[in-house]
Amino acid sequence: MDTIAIPALDRPVDATVEIPGSKSLTNRALLVAALAQGDSILENALFSEDSEYFAKCVEQLGIPITLNPQLAQIQVAGRGGEIPAKQADLFVGLAGTAARFISALVALGNGEYRLDGVPRMRERPMGDLLTVLQTGGATINFEGNSGFMPYTVYSQGFAGGNFRVKANQTSQQLSALLMIAPYAQQDTIVEVEGTLVSQSYVKMTCRLMADFGVEVIQIGDNKFQIKAGQRYQARHYTVEPDASNASYFFAAAAVTGGRVRVKHLTKQSCQGDILWLNVLEQMGCQIKDADDYTEVTGPKQLQGIDIDMNDISDLVQTLGAIAPFASSPITIRNVEHIRYKETDRIKAVVTELRRLGVQVEEFADRLKIEPGPITPAAIETYHDHRMAMAFAVTGLKVPGIVIKDPGCTAKTFPDYFTRFFQMLEQ
Ligand SMILES: O=C(O)C1=C[C@@H](OP(=O)(O)O)[C@@H](O)[C@H](O)C1
Ligand SMILES: C=C(OP(=O)(O)O)C(=O)O
């Protein structure tokens, strides 16, 4: 298996970086542009496994896509809500967004659509969304366990109506439903039953829908109404840099007492993970928030923090990886749902921190990390891009840290290590 050795720094980082487009925004924009009538152009789109699987699915459904990776541009020739293909065999890799959003998209079609992913994707929850699609008219044939990939969706359009959906393991199933709802035969009201995790992503969904001309009426925190007959408008859309993927570069400034500027990402971002800046501020960093960039300057000594990360849970690994360098313990709460992601992320972070000699307590929905010295080790990444990207930052402070299977960053950030090393050379 490939590995990458991370060089420890004997000086603070001092760099300006650019981060590719957001995965969450690219895949939402691909979906709504596919449903719009006519050509949309996505600028600064992400080119990575998650978005390329997504684009390929849309294309297989008969909606032409032109990829221009050199210009970071994707052109989508939307078909006004029609799904031209009557049959397709679709593969989503490990992309949770593609799995959920494409399953919902094919429910608008008229035909049979098989969906599958990598072995871990077959374990990730899909059932709550599929139950709603069944109530809305689809028949679903599961090849293995009910509620999990692989399955075939037999659809004849989506009826809409009133639904209750669980969103305690992932918010993506709710986002998927919201985005197809304007094309249902009648108005849709979706009520979340119980806890809604990762709420900031649902806000992002509503914002993106509004950017393409569709209104979601939110009734309280947990109820959403979408009028049928609304139509997405094709448009030019510029994808923001990925705030979750920027977190590793800001973290590098935080742990080395250095300075990192991320171009074109600002506090006005519609991505919930922009709140990483607030986390770092509470830990002692200084934040400069300009019109077209954000800059983090790290302190001499990071402080500990006790934080609910339910809404920004893709950052748990980033915080876990720098936690041993704080002056007091770091407690990360309310993140049981990260056990259903690329890997069980609570378990993965705890295991790898312990491998580094760090004292960590694991609970069902939280972890507590004690500061302390680190013994270098080779970090297992469990096919999880965020394990590789986060623990590379730990390696900046401790000589001898090696990241196993660094190629797993291809999921959302194929040239992560190139940009990471470029940051160190500035
Ligand atoms: O809707 C989205 O784009 C996402 C929602 C979050 O997932 P959950 O809703 O499963 O927590 C997040 O972790 C994921 O990276 C992207
Ligand atoms: C959880 C993630 O991805 P997915 O979209 O596959 O859920 C992630 O990118 O951290």
Side-chain angles (χ1 to χ4, degrees), residues 26-42 45-47 49-69 73-93 95 97-117 126 129-130 132-134 136-141 149-160 172 175-186 188 205 208-209 211-214 226 228-237:
T26 299
N27 283 0
R28 282 168 173 73
L30 279 170
L31 180 86
V32 303
L35 288 172
Q37 178 64 51
D39 287 349
S40 287
I41 295 185
L42 314 183
L46 175 64
F47 282 79
E49 281 176 7
D50 276 20
S51 55
E52 285 165 17
Y53 282 130
F54 202 109
K56 182 148 186 244
C57 290
V58 171
E59 202 162 36
Q60 280 180 263
L61 293 173
I63 298 161
I65 300 249
T66 312
L67 299 176
N68 190 336
Q73 205 182 64
I74 304 180
Q75 187 171 346
V76 185
R79 295 294 298 260
E82 188 203 351
I83 310 290
K86 302 290 169 238
Q87 192 278 330
D89 198 348
L90 306 165
F91 187 76
V92 298
T97 50
R100 280 73 183 236
F101 301 172
I102 297 289
S103 294
L105 179 62
V106 300
L108 295 176
N110 206 316
E112 53 179 271
Y113 309 96
R114 181 177 181 274
L115 285 101
D116 199 1
M126 299 292 311
L129 170 64
L130 300 175
V132 172
L133 299 180
Q134 283 167 319
T139 301
I140 300 178
N141 181 26
M149 289 186 160
Y151 48 76
T152 301
V153 179
Y154 299 86
S155 56
Q156 302 171 285
F158 180 58
Q172 292 176 4
S175 285
L177 271 177
L178 295 177
M179 285 190 283
I180 63 155
Y183 294 81
Q185 286 136 18
Q186 53 180 317
T188 297
T205 301
L208 192 286
M209 289 171 70
D211 286 344
F212 280 79
V214 164
I226 304 98
Q230 299 187 80
R231 292 293 175 254
Y232 294 120
Q233 304 302 309
R235 57 165 291 189
H236 254 83
Y237 180 81

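In this chain, numbering begins with 1 at the start of the sequence shown.
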Between L35 and L105, is the side-chain contact (heavy atoms from CB on, under 4.5 Å) condition met? List the steps.
CA-CA 9 Å; L35 288 172; L105 179 62; 3.6 Å; yes
Anything under 30° is parallel, anything over 60° is perpendicular, the rest tilted; go ahead and classify F212 against Y237.
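Tilted: the ring planes of F212 and Y237 meet at 30° to 60°.
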Nearest heavy atoms of [X] and [Y], plus distance in Å:
{"X": "D211", "Y": "R235", "value": "O-NH1, 2.8 Å"}
{"X": "F158", "Y": "V132", "value": "CE1-O, 4.0 Å"}
{"X": "L130", "Y": "S103", "value": "CD2-CB, 4.4 Å"}
{"X": "V92", "Y": "G117", "value": "CG2-CA, 4.1 Å"}
{"X": "T26", "Y": "S51", "value": "CG2-CB, 3.9 Å"}
{"X": "Q73", "Y": "F47", "value": "O-CZ, 3.5 Å"}

Heavy-atom neighbours of Q156 CD exceed 12 at 6.0 Å
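It does not: Q156 CD has 12 such atoms or fewer within range.
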Using a 3.5 Å cut-off and no angle test, enumerate the donor-acceptor pairs between side-chain atoms of residues 74-91 and protein atoms at least two apart in sequence or in another chain.
{"from": "Q75", "atom 1": "NE2", "to": "D39", "atom 2": "OD2", "distance (Å)": "3.2"}
{"from": "R79", "atom 1": "NH2", "to": "E82", "atom 2": "OE1", "distance (Å)": "3.1"}
{"from": "D89", "atom 1": "OD1", "to": "R114", "atom 2": "NH1", "distance (Å)": "3.2"}

So if I apply the side-chain contact (heavy atoms from CB on, under 4.5 Å) rule between N27 and each of L208, D50, I102, which one comes out positive?
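So the option named by the test is D50.
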side-chain contact (heavy atoms from CB on, under 4.5 Å) involving T205 - partner list, sequence neighbours excluded
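Partners of T205 under the side-chain contact (heavy atoms from CB on, under 4.5 Å) test: R28, S175, L178, M179, M209.
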Run the side-chain contact (heavy atoms from CB on, under 4.5 Å) test against Q172 and tell me which residues pass, sequence neighbours left out.
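Partners of Q172 by the side-chain contact (heavy atoms from CB on, under 4.5 Å) criterion, ordered by chain and then number, come out as T97, R100, F101, T170.
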